[in-house]
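Down below is the structure, laid out as structure tokens.
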Amino acid sequence: MPDLDTIVNLCKRRGFVFPSSEIYGGLESCWDYGPLGAELKRNVKAAWWRSVVQERDDMVGLDAAILMNPRVWKASGHIDTFSDPLVECKKCHARARADHAPDMYRKALRECPKCRSTKVKDAVLHAPSADGAREQGADAKAAIRRLLAESYVECPKCKEHLPPRCPKCLDGEFMEPRQFNLMFKTFMGPVEEEAAVVYLRPETAQGILVNFANVLTSSRKKLPFGVAQIGKAFRNEVSPGNFTFRTREFEQMEIEYFVKPGTDEECHKRWLDDRLRWYTDLGMRRDNLRLRQQTADERAHYAKDCFDIEYQFPMGWSELEGIANRTDYDLKQHSKFCGKEQSYFDDETKTHYIPYVIEPSAGADRATLAFLIDAYHEEQVREEKRVVLKFHKALAPIKAAVLPLLKNRPEIVEVARDITRRLKRNFMAVYDDTAAIGKLYRRQDEIGTPYCVTVDVQSLEDKQATVRDRDTMEQVRVPIADIEAFLKEKLS
RNA sequence: GCGGGCGUAGCUCAAUGGUAGAGUGCCAGCCUUCCAAGCUGGCCAUACGGGUUCGAUUCCCGUCGCCCGCUCCA
């Protein structure tokens, strides 16, 4: 596996990804897709759309606005709970989730600071209930403060009440907890009035959920059915990083799949299979993928069950896609907040009910990065290192390059340019004559072009050209008149 | 946001309180009959802003960005 720096260098050098606004020193966690990166990401998104919309009868697409009525985020819970209350140690400056800190302290404790008993692993944490903290908005902060003030670990031996301290140095007290709301705020209209505050959506999902009724009536779909959407989302992450893996502006590929309650668990399983297979069908190595069930405390409060599809990135196993069973939580919330029941009328049972929602939520940038890393290969060819991106044909930014073996022969150049023109009508193709043939091949290898077409002197006689395969480097002669059809066949 | 490290050409890396070098890449020309050939010429850099100094890429401060850790997620 290449290290991340190798990938970052290649991306910069060949025009896959550049640092955003680089001439001004860049902007933290923001990246621009260059000419090849734009093609690659487009292909990833197109493959996803094809798989989850075009080829299915039970799915339709949607493209909702990034800016939405702020009440959406009140209903979804994002305004109140999409935040991490953090505390920081006054001594060692370690930080921890405020609501996890007391228990982290209990687990980290080796001996009682009072009686020196080492049996503290049996210690019990006494804490006021924090259940209300997540749902009650403004009260959440007070609840956290109460949690930190009132909870204590009781030493099993001397019964001393130990107030929670820093789980890292086991000594420092905490600073005042701070709330980070992860939503980007902006202002609708030219005047920055509080009344005009709107948010950049932190997930595309709500755009689908609030359109449930619209899609239902206009598409005449029956349960079970789903809605797919690709779009930008924004989160003020505490710590972005690892190249395009965690950025504050990112693109999601999300599905909300509506099902009859009771059928949700089986449907959830089917989506796990379908989504995992999507990655492997596009050439991602199965060994670099795994499915991991989230533990109860990892899951969002509304989720009944959730799995992560993880990829083995250079920095470790990390999430590509989360597939959650969101139950009827969202549609119920919107029913409550908008005053209109977001329900479905079931013709068979003649009953109204609020559907359950299975949500496969993938990161377009993460998928693009994973496909790039997975495609990266270094090989030894004649004592030289060959760098080749073995992209699936559907993902390769450029499908074919046309190369004249000799550029000082106008007849050859003319034939090659003519082939290029014809290929461009069908897919991304390029012409290149700026180096010797060996270097031209290596260039195309490094950007993952599956086929090179080489025109030589003999081509003028026999009207054939050489088609060279990226992965095997094998060559076949193909009549020039057939090249368009030949490559279309190969690439389909 | 906190702690630590770092920032020299498109990329990889040298050097220096006093003219910033190499490899590679890229461009042009010559040459070249299939896997990073050769020759000639050319292009490109001390992240940004301020300070100290006769003089700063080097020393100091700030900003921005990157990397590692804490934390979090698509």
Side-chain angles (χ1 to χ4, degrees), chain A residues 3-6 8-15 18-30 82-84 86-90 92-98 100 104 166-168 175 178 180 182 202-205 232-248 250-254 294 298 300 308-309 315 318-324 359-367 369 381-387 403-409 412 434-446 452 454-459 465-466 468 470 473-475:
Chain A
D3 59 32
L4 201 53
D5 281 343
T6 305
V8 175
N9 285 341
L10 174 64
C11 283
K12 176 84 190 292
R13 213 170 58 237
R14 291 301 187 187
F18 307 125
S20 162
S21 33
E22 191 185 13
I23 61 171
Y24 290 103
L27 182 64
E28 186 184 16
S29 99
C30 293
F82 194 58
S83 58
D84 294 322
L86 296 181
V87 285
E88 187 171 327
C89 170
K90 284 179 181 172
C92 74
H93 295 288
R95 290 167 96 191
R97 271 272 292 274
H100 293 174
M104 285 170 71
C166 170
K168 193 173 180 196
M175 297 180 196
R178 275 178 298 177
F180 285 86
L182 299 183
E203 62 175 21
T204 58
K232 289 283 180 89
F234 303 82
R235 294 181 190 174
N236 247 324
E237 293 291 345
V238 176
S239 65
N242 286 323
F243 196 35
T244 57
F245 179 78
R246 186 182 294 110
T247 54
R248 294 196 169 113
F250 60 102
E251 197 155 14
Q252 294 185 303
M253 304 187 292
E254 289 198 302
Q294 285 193 2
E298 278 181 286
D308 287 343
I309 294 177
M315 63 279 187
S318 303
E319 184 180 353
L320 275 184
E321 174 163 350
I323 304 170
E359 181 193 76
S361 171
D365 306 276
R366 288 184 177 185
L369 179 60
V381 177
R382 302 190 181 187
E383 323 266 309
E384 291 275 358
K385 184 172 84 174
R386 180 172 91 116
V387 173
L403 318 168
L405 194 61
L406 298 169
K407 70 169 166 181
N408 61 356
R409 295 285 297 271
I412 292 178
T434 57
I437 191 68
K439 184 180 282 192
L440 295 180
Y441 283 149
R442 289 297 190 273
R443 270 185 198 159
Q444 297 301 325
D445 290 341
E446 205 178 17
C452 290
T454 302
V455 180
D456 56 24
V457 174
Q458 202 189 330
S459 302
T466 304
R468 177 257 196 190
R470 174 194 68 199
M473 297 190 284
E474 281 165 8
Q475 308 183 341

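All chains are named by letter (A, B, ...) in the order of the sequence lines, taking the proteins before the strands, and each is independently numbered beginning at 1. The figures that follow rest on heavy atoms only: side chains count, while hydrogens, waters and symmetry mates do not.
The side chain of A/Arg235 lies closest to B/A74, out of B/A74, B/C35, B/C34. Taking every side-chain heavy atom of A/Arg443 into account, B/C26 is the closest of B/G10, B/G65, B/C26. Listed nucleotides: B/C31, B/A36, B/A37. Nearest to the side chain of A/Ala436: B/A37. Of the candidate nucleotides B/G10, B/C73, B/G65, B/G65 has the atom lying nearest to any side-chain atom of A/Glu28. Proximity note for A/Asn242 (side chain, C-beta onward) versus B/A36, B/C35, B/C68: the nearest is B/C68. The side chain of A/Leu406 lies closest to B/U32, out of B/C34, B/C73, B/U32. Nearest to the side-chain atoms of A/Arg246 among the listed nucleotides B/A36, B/A74, B/A28 stands B/A74. For A/Glu446, the listed nucleotide lying nearest its side chain is B/A36; candidates were B/C34, B/A36, B/C31.
At a threshold of 4.0 angstrom between heavy atoms, the contacts of A/Asp5 with the nucleic acid are absent. Residue A/Ala362 is in sugar-phosphate contact alone, with no base atom involved, counting any heavy-atom pair closer than 4.0 Å across all strands shown. When heavy atoms are screened at a 4.0 angstrom cut-off, A/Glu254 is found touching no nucleic acid atom at all. Residue-level contact check: A/Phe18 touches neither bases nor backbone, having no heavy atom under 4.0 Å from any strand. Contact annotation for A/Thr247: base contact, defined as any heavy-atom pair under 4.0 Å involving a base atom. Here A/Leu10 lies out of heavy-atom contact (under 4.0 Å) with every strand. When heavy atoms are screened at a 4.0 angstrom cut-off, A/Thr466 is found touching base atoms of the nucleic acid.
Pair assignment for B/A20 gives none, since no Watson-Crick or G-U wobble pairing has each distance under 3.5 Å. With a 3.5 Å ceiling on both atom-pair distances, B/U32 lacks any Watson-Crick or G-U wobble partner. With a cut-off of 3.5 Å on both pairing distances, B/A37 has no Watson-Crick or G-U wobble partner at all. Across all strands shown, B/G55 remains unpaired; no Watson-Crick or G-U wobble contact has both distances below 3.5 Å. Base pairing of B/C26 is made with B/G42, judged by Watson-Crick or G-U wobble geometry with both donor-acceptor distances under 3.5 Å. B/C64: Watson-Crick or G-U partner is B/G7, with both key distances under 3.5 Å.
The base of B/C34 is not paired with the side chain of A/Arg468 by any donor and acceptor separated by under 3.5 Å. For A/Glu319 against B/C73, a side-chain-to-base donor-acceptor contact under 3.5 Å is absent. With hydrogens and angles ignored, no donor-acceptor pair under 3.5 angstrom links the side chain of A/Arg382 to the base of B/C35. Within 3.5 Å, no donor on the side chain of A/Asn9 pairs with an acceptor on the base of B/C11, nor the reverse.
For the P atoms, the distance from B/A36 to B/G41 is 25 Å, rounded to whole Å. Straight-line distance between the P atoms of B/U24 and B/A37: roughly 11 Å, to the nearest whole Å. Taking the P atom of each, B/U52 and B/C44 are spaced 32 Å apart, rounded to whole Å. For the C1' atoms, the distance linking B/A20 with B/A15 amounts to 7 Å, nearest Å. Remark: the separation of the P atoms in B/G5 and B/U57 is 24 Å, to the nearest Å. Spacing of C1' atoms, B/C68 relative to B/A56, comes out at 30 Å, to the nearest Å. Straight-line distance between the C1' atoms of B/A22 and B/G65: roughly 27 Å, to the nearest whole Å. Across B/U71 and B/C64, the matching P atoms stand 25 Å from one another, rounded to whole Å.
Between A/Asn242 and A/Leu369, the closest heavy-atom pair is O-CD2, 4.4 Å. Counting all heavy atoms, side chain and backbone alike, A/Ala205 lies closest to A/Glu359 at CB-OE2, 3.2 Å. Nearest approach of A/Thr204 to A/Gln252, heavy atoms of both residues: N-OE1, 2.8 Å.
In this entry the distance linking CD1 of A/Ile323 with P of B/C73 reads 17 Å, nearest Å. Whole-Å rounding puts the A/Phe245 CZ to B/C68 P distance at 12 Å. Here the C1' atom of nucleotide B/C31 and the CZ atom of A/Arg409 are 14 Å apart, to the nearest Å. Distance, A/Arg442 CZ to B/G25 P: 13 Å, rounded to whole Å. As a whole-Å value, the separation of A/Arg470 CZ from B/C34 P is 24 Å. Here the P atom of nucleotide B/A36 and the CG atom of A/Leu405 are 13 Å apart, to the nearest Å. The nearest whole Å value for the distance from the CD atom in A/Gln294 to the P atom in B/C72 is 12 Å.
Under 4.0 Å is where a charged nitrogen must lie from a carboxylate oxygen, and between A/Asp445 and A/Arg470 no such pair does. Under the 4.0 Å criterion applied to side-chain N and carboxylate O atoms, A/Glu446 and A/Arg14 are assigned as salt-bridge partners. A salt bridge links A/Glu28 to A/Arg248: one of the charged nitrogens lies within less than 4.0 Å of a carboxylate oxygen. Between A/Arg246 and A/Glu319, no side-chain nitrogen of the basic residue sits less than 4.0 Å from a carboxylate oxygen of the acidic one, so the salt-bridge criterion is not met.
Residue whose closest nucleotide on RNA chain B sits further toward the 5' end, between A/Leu440 and A/Arg366: A/Leu440. Of the residues near RNA chain B, A/Arg14 and A/Lys407, the one whose nearest nucleotide (by heavy atom distance) lies more toward the 5' end is A/Lys407.
Looking only at atom types and distance, the side chain of A/Thr466 has no donor-acceptor partner in the side chain of A/Gln475 under 3.5 Å away.
The side-chain heavy atoms of A/Lys12 and A/Pro19, taken from C-beta on, include a pair separated by under 4.5 Å.
Stacking between A/Phe250 and B/A74 is present: the aromatic ring centre lies within less than 5.5 angstrom of the base six-membered ring centre, and the two planes differ by under 30 degrees.
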